[in-house]
Student: 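Quick one: the structure is below, questions incoming.
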Amino acid sequence: MAALPTDTLQSVRVRSLCFTHSQIPKLTSGVLPISSPKPRTPTISSSKSRNNAISRPRLLVRASATEFPENVGDLLGDFSIFTAAGEPVLFKDLWDQDEGVAVVALLRHFGCPCCWELASALKESKSRFDSAGAKLIAVGVGTPNKAQILAERLPFPMDCLYADPDRKVYNLLGLYYGVGRTFFNPASAKVFSRFEALRKAVQNYTIEATPDDRSSVLQQGGMFVFKGKQLLYARKDEGTGDHASLDDVFNICCKVPVA
């Protein structure tokens, strides 16, 4: 298993990358494991073949290099996550699977200050998405009680917030995970340009929202737009704080043909 020496890890400017020291997974034998300790859900294959070519709707924006099959909505549909109130819910029941438009924001985890900033921006943009006929759905890594902390202290609408403690949706979509993406990716520099928004969003922040499974802090997020089961927009965060442009997401929603 690949490992990162602790002296290298300690040299990282953790605070500037939206971390506190206690959020870093505990070290064992002086090294930090890079691979996930949990079995990963099989990810969607991105391989192409003549017999299994992926045809894409014209509206699909290639905001990510990852390739998704046409049935990605079906693959996600039977995954069970939780409402912020703790009730299990199937992914396919979060929005109308025929014609409904959904903006699905996958946060890193509920204890990530950068995700509080993103959640704040999503809350402020909710009326815009509503006007475009798009339902806002925010999913974070952690248990429902962690989601409740973010919802109550930010605050954020509970009916738009969901918890995926086992990272099942993240794993299926192949979102980035690991030390390199979390601490060392150049894309994380975007955080500095949003310093005031970040400072405002974390005024009532508490580290208690961090998942008890500290390996979850190495998970990255992403942004997706669906019409029914059809994927219209997909973007994976390259690193901590590398969030999608909500203006771009809104423009995609506005371009969706009316049924």
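Along the sequence shown, residues carry numbers from 1. Atom set for the values below is all heavy atoms of this structure, side chains included, hydrogens, waters and symmetry mates excluded.
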Student: If the test is side chain to side chain contact (heavy atoms under 4.5 Å, CB included), which one of T210, D166, V141 qualifies with S216?
Tutor: V141

Student: Which residue is it: L175, V139, L76? I am looking for the one with a side chain to side chain contact (heavy atoms under 4.5 Å, CB included) to V169.
Tutor: L76

Student: Using a 4.5 Å cut-off on heavy atoms from C-beta on, say whether the side chain of K227 contacts that of E99.
Tutor: yes

Student: Working to the nearest 0.5 Å, report the span between CD of Q97 and CG of D74.
Tutor: 8.0 Å

Student: Would you give the length of the straight line joining atom CG of L75 to atom CG of L231, rounded to the nearest 0.5 angstrom?
Tutor: 11.5 Å

Student: Taking the side chain as every heavy atom from C-beta outward, state whether L107 and W116 have any pair of such atoms under 4.5 Å apart.
Tutor: no

Student: Could you report the tightest heavy-atom contact between R153 and N204, atom names first, then the distance?
Tutor: NE-O, 2.7 Å

Student: How far apart are the closest heavy atoms of K236 and L173, and which atoms are they?
Tutor: CD-O, 4.2 Å

Student: Measure the shortest side-chain to side-chain distance between S125 and F250 over non-hydrogen atoms and say whether it is less than 4.5 angstrom.
Tutor: no

Student: Applying salt bridge (Lys or Arg N to Asp or Glu O under 4.0 Å), name anything that partners D78, two or more places apart in sequence or on another chain.
Tutor: K92

Student: In this structure, would I149 and F156 fall into the same cluster of hydrophobic residues linked by side-chain contacts under 4.5 Å?
Tutor: no

Student: So, taking the atom named CG in D164 and the one named OG1 in T143, what distance separates them when rounded to the nearest 0.5 Å?
Tutor: 11.5 Å

Student: Can you check whether A201's main-chain N or O pairs, donor with acceptor, with S120's side chain at less than 3.5 Å?
Tutor: no

Student: Has the side chain of W95 got a donor or acceptor atom that lies under 3.5 Å from a matching backbone atom of G228?
Tutor: yes

Student: Minimum heavy-atom separation for Y177 to S215, with atom names?
Tutor: OH-O, 3.0 Å

Student: Can you give me the closest heavy-atom contact between V256 and L232, atom names plus distance?
Tutor: CG2-CD1, 3.4 Å

Student: I'd like to check R108 versus Q220 (side-chain heavy atoms, cut-off strictly below 4.5 Å). Are they in contact?
Tutor: yes

Student: Has K135 got its NZ or CZ under 6.0 Å from the middle of the six-membered ring of F129, at an angle within 45 degrees of the ring axis?
Tutor: no

Student: Parallel, tilted or perpendicular: which describes the rings of F224 and F68, with under 30° parallel and over 60° perpendicular?
Tutor: perpendicular

Student: Does anything in residues 169-196 form a salt bridge (Lys or Arg N to Asp or Glu O under 4.0 Å)? List the pairs, not counting sequence neighbours.
Tutor: E117-R194, R181-E238, K190-D242, E196-R199

Student: To check you understand the geometry: which heavy-atom pair defines the closest contact between P211 and H109, and what is its length?
Tutor: CD-ND1, 3.5 Å

Student: Please indicate whether K123 has more than 12 foreign heavy atoms, meaning atoms of other residues, nucleotides or ligands, lying under 6.0 Å from its NZ.
Tutor: yes

Student: Return the minimal non-hydrogen interatomic distance between I81 and A163, and the atom names on each side.
Tutor: CB-O, 3.3 Å

Student: Once you round to the nearest 0.5 Å, how far does CG of L118 lie from CG of L246?
Tutor: 6.5 Å

Student: Are V103 and M158 joined in one hydrophobic group, where the rule is that I, L, V, M, F, W and Y side chains link up if heavy atoms are under 4.5 Å apart?
Tutor: no

Student: Could you check whether any side-chain heavy atom of Y176 comes within less than 4.5 Å of a side-chain heavy atom of N185, counting everything from C-beta outward?
Tutor: no

Student: Got a second to check how far Y233's OH is from M223's CE, nearest 0.5 Å?
Tutor: 7.0 Å

Student: Under 4.5 Å between side-chain heavy atoms, counting indirect links through other Ile/Leu/Val/Met/Phe/Trp/Tyr residues: same cluster for I207 and L154 or not?
Tutor: yes

Student: Evaluate the side-chain proximity of R128 to C253: yes if any heavy-atom separation is below 4.5 Å, no if none is.
Tutor: no

Student: Looking just at side-chain N and O atoms, do D247 and S245 make a donor-acceptor pair shorter than 3.5 Å?
Tutor: no

Student: Find the distance between CG (D237) and CD (Q219) and round it off to the nearest 0.5 Å.
Tutor: 10.0 Å

Student: Would you say the side chain of V191 lies within less than 4.5 Å of the side chain of L198, judging by non-hydrogen atoms?
Tutor: yes

Student: Is a side-chain N or O of S80 found less than 3.5 angstrom from the main chain of L90, in a donor-acceptor match?
Tutor: no

Student: Quick one: list whatever passes ring-ring contact (aromatic ring centres under 6.0 Å, His included) with Y162, sequence neighbours left out.
Tutor: none

Student: Below 4.5 Å, heavy atoms only, C-beta onward: do V89 and F82 meet side chain to side chain?
Tutor: no

